Amino acid sequence: MALIVQKFGGSSVADAKRVMNVANIVSNTYKAGNDVVVVVSAQGDTTDDLIEKAKEINPSAPKREMDQLLAAGEEISIALLAMALESLGCPAISLLGWQAGFNTNSVYGSARIKNIKPNRLQAELAKRNIVIVAGFQGVNRYDDITTLGRGGSDTSAVAIAAALHADKCQIFTDVEGVYTADPRKVEGAKKLKEITYDEMLELATLGAQVLNNRSVEMAKKYSVELEVLSSLNPVPGTIVKEVTKMEKMLIRGVTKDTDVALVSILGVNDNPGVAFKIFDKLSAKNINVDIILQSFGRNNTKDVVFSVSRENGPVAAELLKDLSVLEGAKIHCDTNVAKVSVVGAGMESHPGTATKMFEALYDTGINIKMISTSEIKISVIIAADEADRAVSAVHKAFIPND
Ligand code: ADP
Ligand code: ASP
Ligand code: MG
C-alpha cells in the first residue's frame, strides 16, 4: 500500500505502557498493509538526565563524548519498541543511526545530515520488517557518533521520508497538533488544520518546539508532507505543506523564545566601518546574530544593540571588549530577555498588525526593548519575566476566545 514514516517523541515512549501504546499504533499501520519506518526519541527526560550526569563529572565535557553519551537514550527506545512489536506478532528490527545509513558532518552536538544511504532500510522493508530507527543521531567520516541537536529526531524522520520518497511522515507527540500558541501555556490556543512550511518554519524557529525547525526546512526542500498528531488521542492533527487554500486566519501563531541575550554597545564612535568590524568579529567566532538595532548618530557617537542566543551573549560581550574601534564605548550583556513573535503569511498586506501587537503589550503594561519585522512575522524583545503574559495578551488580541 503506502510507505509511512512515523516518529514518536520522548513523552510518547516515556514508560512501558506508552511504548506498548506506540507499538499498537505502528502495528495497526503495518497490519493495514503499509511499509512502516519508525523513528523514536529517548524516553521521557532521558536526554536531560544524561546531560546532568555528564555535568556532575565534567561541566565542560568534550563534545564528542557528549554525543557518545546522548545517543544512548535513543538506543534504549528503539530496542524496547522492537521488543514490544515482537510481542504483538509484528516482525521488527531496530537500527542505530549509523546502521540506518545516516551520514553527518562532524559538528558534534549539532551535526547536519549529509546523506542517508538507504540500502539497509530498503533491504529490511523488502523483508516486510518494521524498521525502527534511532532518531537524533548519525555517524561522521571518522566513524564517530554524532547528534543533530535538541529536538533532532524530527529531522531524522523527515530525512528518512525524503530519502525513501515516503508517502507520509507523521510526527506523533503529546499534543494534538500545531496550535496558535503553546496549548499547555496559553488559554484559548486553537489547533490549526493546516499550516504552510514557511509559517511553520517561522513558528519553530521562534520558539514553538512542537517541530524542530531544521525538520521543517528539510520537509519544504524535499516536499515531504508532514502531519503532527497525538500519540494518545486518535484525532486528526495538523498538516504542514505548501500553500493551498488555508483557513481564513491572518495570524497562525504566537510564540516565545527565552534563548535570547541582548548585547548593547553604547557611545560608539560614529565612523564608517564600525558595524562591519563588530559583526565580522562575531561571525569569525560563529556567533549568529539575530536582531540588530543601530541608533542615529548624535554628537559623533551612536549605539549598537543586537540579540544573540543566551549562551553567546556573554561570549560576544567579552569578545567585543578587545575591539579597538570600540574603545571608550560601554558594552553590556542582558540575559534576562525573551522574544515574543506573531507569525502569519499575509500580514504584510495588513498594515494594522504591528499596531495591534504593540497595543496589546501597552495595555498589559509591557515595555518593548527591540522590534523586528519581516513579511511573515513581527518580533519584540521584552523582559523575560513578562514573556508569558505578553504571549497571552498578544494571542488574545489576534485570536480571541470563541
Ligand atoms: P516530543 O517529545 O514529542 O518531540 P516536544 O516536547 O518536543 O515533543 O514538543 C511538543 C510540545 O511543544 C508540546 O507539549 C507543547 O507544550 C509545545 N508547544 C510549543 N508551542 C506549540 C504550538 N504552537 N503548538 C503545539 N505545541 C506547542
Ligand atoms: N532526545 C533528543 C532530545 O531530547 C532528540 C529529540 O527528542 O528529538 O533533544
Ligand atoms: Mg521534540
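Values reported hereafter were calculated over all heavy atoms of this structure, with side chains retained and with hydrogens, waters and symmetry mates removed. Since the structure is predicted, the reported quantities are computational estimates derived from the model, not experimental observations. Order of listing sets the numbers, starting from 1, for every ligand and every atom in it.
- Residue D174 has at least one heavy-atom neighbour below 4.0 Å for each of these atoms of ligand 1: 10 (C), 11 (C), 13 (C), 14 (O).
- Checked against a 3.5 angstrom limit, the closest N/O atoms of Y179 and ligand 1 fall inside it.
- For ligand 1, none of its N or O atoms has an N or O atom of V178 under 3.5 Å away.
- Counting the atoms of ligand 1 from 1 in the order shown, those under 4.0 Å from a heavy atom of P183 are 24 (N), 25 (C), 26 (N), 27 (C).
- Residue E311 places its CD atom among 12 or fewer non-hydrogen atoms of other residues, nucleotides or ligands, all under 6.0 Å distant.
- Side chains of T146 and D67: no donor on one and acceptor on the other come within 3.5 Å.
- Under the side chain to side chain donor-acceptor pair (under 3.5 Å) rule, K339 has a single partner from T255, D259, D290, D257, which is D290.
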**Item:** Check against side chain to side chain donor-acceptor pair (under 3.5 Å), T155 and S215
**Value:** CA-CA 4 Å; T155 312; S215 73; 4.7 Å; no
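- For ligand 1 and G177, the ligand atoms under 4.0 Å from any heavy atom of the residue are 24 (N), 25 (C).
- Sequence neighbours left out, the pairs with a member in residues 267-283 that pass side-chain hydrogen bond (donor to acceptor under 3.5 Å, both in side chains) are D270-K302.
- Listed by chain and number, S41, A42, T47, E74, F136, R150, G151, G152, S153 each place a non-hydrogen atom less than 4.0 angstrom from ligand 2.
- Checked against a 3.5 angstrom limit, the closest N/O atoms of S12 and ligand 1 fall outside it.
- Figure legend: cation-pi geometry between R252 and Y179 absent, as NZ or CZ is not positioned both under 6.0 Å from the six-membered ring centre and within 45° of its axis.
- Distances from ligand 1 to the non-hydrogen atoms of G10 include at least one value under 4.0 Å.
- Side-chain N or O atoms of D45 include none that pairs as donor or acceptor with a backbone N or O of D49 at under 3.5 Å.
- At the top of the distance list for atom 21 (C) of ligand 1, counting protein heavy atoms only, stands D182 CA, 3.7 Å.
- A side chain to side chain contact (heavy atoms under 4.5 Å, CB included) with Q6 is found for exactly one of I171, I130, V36, L229, namely V36.
- Within 6.0 Å of atom CZ in R128, more than 12 heavy atoms from other residues, nucleotides or ligands are found, so the atom counts as buried in its surroundings.
- With a 4.0 Å heavy-atom cut-off, ligand 1 is reached by the backbone of Q209 and by its side chain too.
- In this structure, G151 does not count as a contact residue of ligand 1, since none of its heavy atoms falls inside 4.0 Å of the ligand.
- Donor-acceptor pairing under 3.5 Å is lacking for the side chains of Y30 and D35.
- If you check which protein heavy atom lies closest to atom 3 (O) of ligand 1, you get T173 OG1, 2.7 Å.
- Atom NZ of K31 has more than 12 neighbouring heavy atoms from other residues, nucleotides or ligands inside a 6.0 Å radius.
- Residue-level proximity to ligand 1 for K7 is carried by the side chain, the only part with a heavy atom below 4.0 angstrom.
- Where the criterion is an N or O separation shorter than 3.5 Å, residue side chain and backbone included, D154 fails it with respect to ligand 1.
- By the criterion of a heavy-atom distance under 4.0 Å, the side chain of V175, and not its backbone, is placed next to ligand 1.
- By the neighbour-count criterion of 12 heavy atoms within 6.0 Å, atom CG of N288 is sparsely surrounded, having that number or fewer from other residues, nucleotides or ligands.
- Between F8 and F172, the ring planes lie parallel to each other; the angle is under 30°, not in the 30° to 60° tilted range.
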